[in-house]
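Worksheet: the structure to be examined is printed underneath.
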Amino acid sequence: MPADPTALRQALAEEIATANPTLDPAWHDAVAAVPRELFVGDAVFRLTGGVWEPVRRAEVGQDEWLRMVYSDQTWVTQIDGRDAADATGPVSGSPTSSATLPSLVVRTAQVAQLQPGQKVLEVGTGTGYSTAVLCHRLGAGNVVSIEYDPGVAARAAVHLHDAGHTPTLAVGDGLQGCTEHAGYDAIIATCSVRSIPPSWFWQLNDGGSITTTISGWMLAAGLIRLVLDDEGTAHGRFTDDTITYMLARPHERPPSSRVFRLDGDTRSTRQAPGLLKEWAGKFVAQLAAPSAEFMTIESGIVLRDVATGSQAWTESDGEGATVHQHGPLRLWDQVEDALAAWQKAGAPDLTEFGMTATPYEQTVWIGSPTGPNWRLPI
Ligand SMILES: C[S@@+](CC[C@H](N)C(=O)[O-])C[C@H]1O[C@@H](n2cnc3c(N)ncnc32)[C@H](O)[C@@H]1O
């Protein structure tokens, strides 16, 4: 029997609602209504053996394509600025645009506590799928969406038009907000940020909220909703979601050269390097060394500070592990101190973490603002 997009949409909405029983049925209805096949286009990338292989509708056939489109998966549509539709063969690089998995689209909206009538700025239009979901629930007149990449934005505009939605669309750096239409009740980002861009504070209405993933150069992320108080300070707590979005383009790491492990001071570790393979442990490490990137190697892990070239790399030595630290920053010392503070607090998951933020100073803390805390790079 040929695949029926309406039935597949309905089944996807059911699957998402079953997995997330507290989801407002209105978001289920939005997933059941929005034709994702109009947004994904005709080609996507699939990671196969470490490279991104283009997969085309014309090659896999209509039925298989629809099943892919209506699976709860992110489909990468662009690698390092190159569109899947233009790829002639496998490419390597990092995703720069995608159709976010539908469960995450509605989960983000759920965390944002969006209600009909609220005016929302979405940062990262991408394919336009999440924009359409927002339009279905909030009304297109309440949705403004901004996309950094002009080509991606142009295609999203066509997709949204074809699906019958007419939100306000803008092209530009959403980290500057979208001044022209400012006065938002909520800002939601479908890309991650290293800290909250100052413009977002200034473009929110009193009591407005910001929902975003806070991430960084170790690619450790936490989803959070911050609410603006009367004094212009935003407060919030992270959720327990282990999800992330790709980093906002201006917050991406500068291109880095190949890493050669360099000798330096050597000592035994006091904290297990394996803690950085856990969601919260890596998040803590990133707070402690915000300009360092993280890599795994066979013997352990490597941290490399993008700004100074400082390195810390570990290797197991039977009982425990040895760390080698090179350069002006002692990255592992920083990380180990933070991990110790986290463990002293009971090694909690991200729901025990909160954030206090102004345009000038932003802190992530454990327990309360007076608990262990780290400043984010603004
Ligand atoms: C994960 S994709 C968005 C997926 C989209 N919401 C969907 O459902 O198809 C992230 C998008 O954010 C965009 N982006 C990255 N940095 C941005 C910025 N500073 N301003 C606006 N858009 C940005 C990327 O180009 C990419 O299209």
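Atoms within a ligand are numbered from 1 in the order they appear, just like the ligands themselves. As a basis for the values below, the full set of heavy atoms in this structure was taken, side chains included, without hydrogen atoms, waters or symmetry mates.
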Under a 3.5 Å distance rule, please check whether Thr314 uses its side chain to pair with a backbone N or O of Ile301 as donor and acceptor.
yes
Relative to the heavy atoms of [X], which atoms of ligand 1 are at a distance of less than 4.0 Å?
{"X": "Gly172", "value": "20 (N), 21 (C)"}
{"X": "Ile146", "value": "21 (C), 22 (N)"}
{"X": "Ser98", "value": "1 (C), 2 (S), 3 (C), 4 (C), 5 (C), 7 (C), 9 (O)"}
{"X": "Pro250", "value": "19 (N)"}
{"X": "Ala99", "value": "9 (O)"}
{"X": "Ala248", "value": "15 (C), 16 (N)"}

Could an N or O of ligand 1 be found under 3.5 Å from any N or O of [X], whether backbone or side chain?
{"X": "Asp173", "result": "yes"}
{"X": "Glu147", "result": "yes"}
{"X": "Gly124", "result": "yes"}
{"X": "Cys191", "result": "no"}

Examine [X] and [Y] and state if one hydrophobic cluster contains both, with Ile, Leu, Val, Met, Phe, Trp and Tyr joined whenever side-chain heavy atoms are less than 4.5 Å apart.
{"X": "Leu114", "Y": "Leu121", "value": "no"}
{"X": "Leu376", "Y": "Leu223", "value": "no"}
{"X": "Met218", "Y": "Val193", "value": "yes"}

Checking heavy atoms under 4.0 Å, the part of Thr96 that sits near ligand 1 is backbone
Quick one: look at Thr131 and ligand 1, take heavy-atom pairs under 4.0 Å, and tell me if it's side chain, backbone, both or neither.
neither
Protein heavy atom at shortest distance from [atom]:
{"atom": "atom 5 (C) of ligand 1", "result": "Thr125 O, 3.4 Å"}
{"atom": "atom 9 (O) of ligand 1", "result": "Thr127 OG1, 2.6 Å"}
{"atom": "atom 20 (N) of ligand 1", "result": "Gly174 N, 2.8 Å"}
{"atom": "atom 22 (N) of ligand 1", "result": "Tyr148 N, 3.1 Å"}
{"atom": "atom 16 (N) of ligand 1", "result": "Arg249 N, 2.9 Å"}
{"atom": "atom 6 (N) of ligand 1", "result": "Ser130 OG, 2.6 Å"}
{"atom": "atom 10 (C) of ligand 1", "result": "Thr190 O, 3.4 Å"}

Is any side-chain heavy atom of Ile366 less than 4.5 Å from a side-chain heavy atom of Trp342?
yes
Are Thr356 and Thr233 packed together at the side-chain level, in the sense that at least one heavy-atom pair is separated by less than 4.5 angstrom?
yes
Point-to-point distance, once rounded to the nearest 0.5 Å, from CG of Leu175 to SG of Cys191
6.5 Å
Distance (rounded to the nearest 0.5 Å) between Asp29 CG and His136 NE2
6.5 Å
Passes side chain to side chain donor-acceptor pair (under 3.5 Å), Thr363 versus Asn373? Steps please.
CA-CA 6 Å; Thr363 314; Asn373 60 79; 5.3 Å; no
Classify the side-chain pair Thr213/Ser215 by whether it contains a donor and acceptor separated by less than 3.5 Å.
no
In terms of the angle between their ring planes, are Trp52 and Phe45 parallel, tilted or perpendicular, with boundaries placed at 30° and 60°?
perpendicular
Please walk me through it: do Leu204 and Trp200 pass side-chain contact (heavy atoms from CB on, under 4.5 Å)?
CA-CA 6 Å; Leu204 274 181; Trp200 293 4; 5.7 Å; no
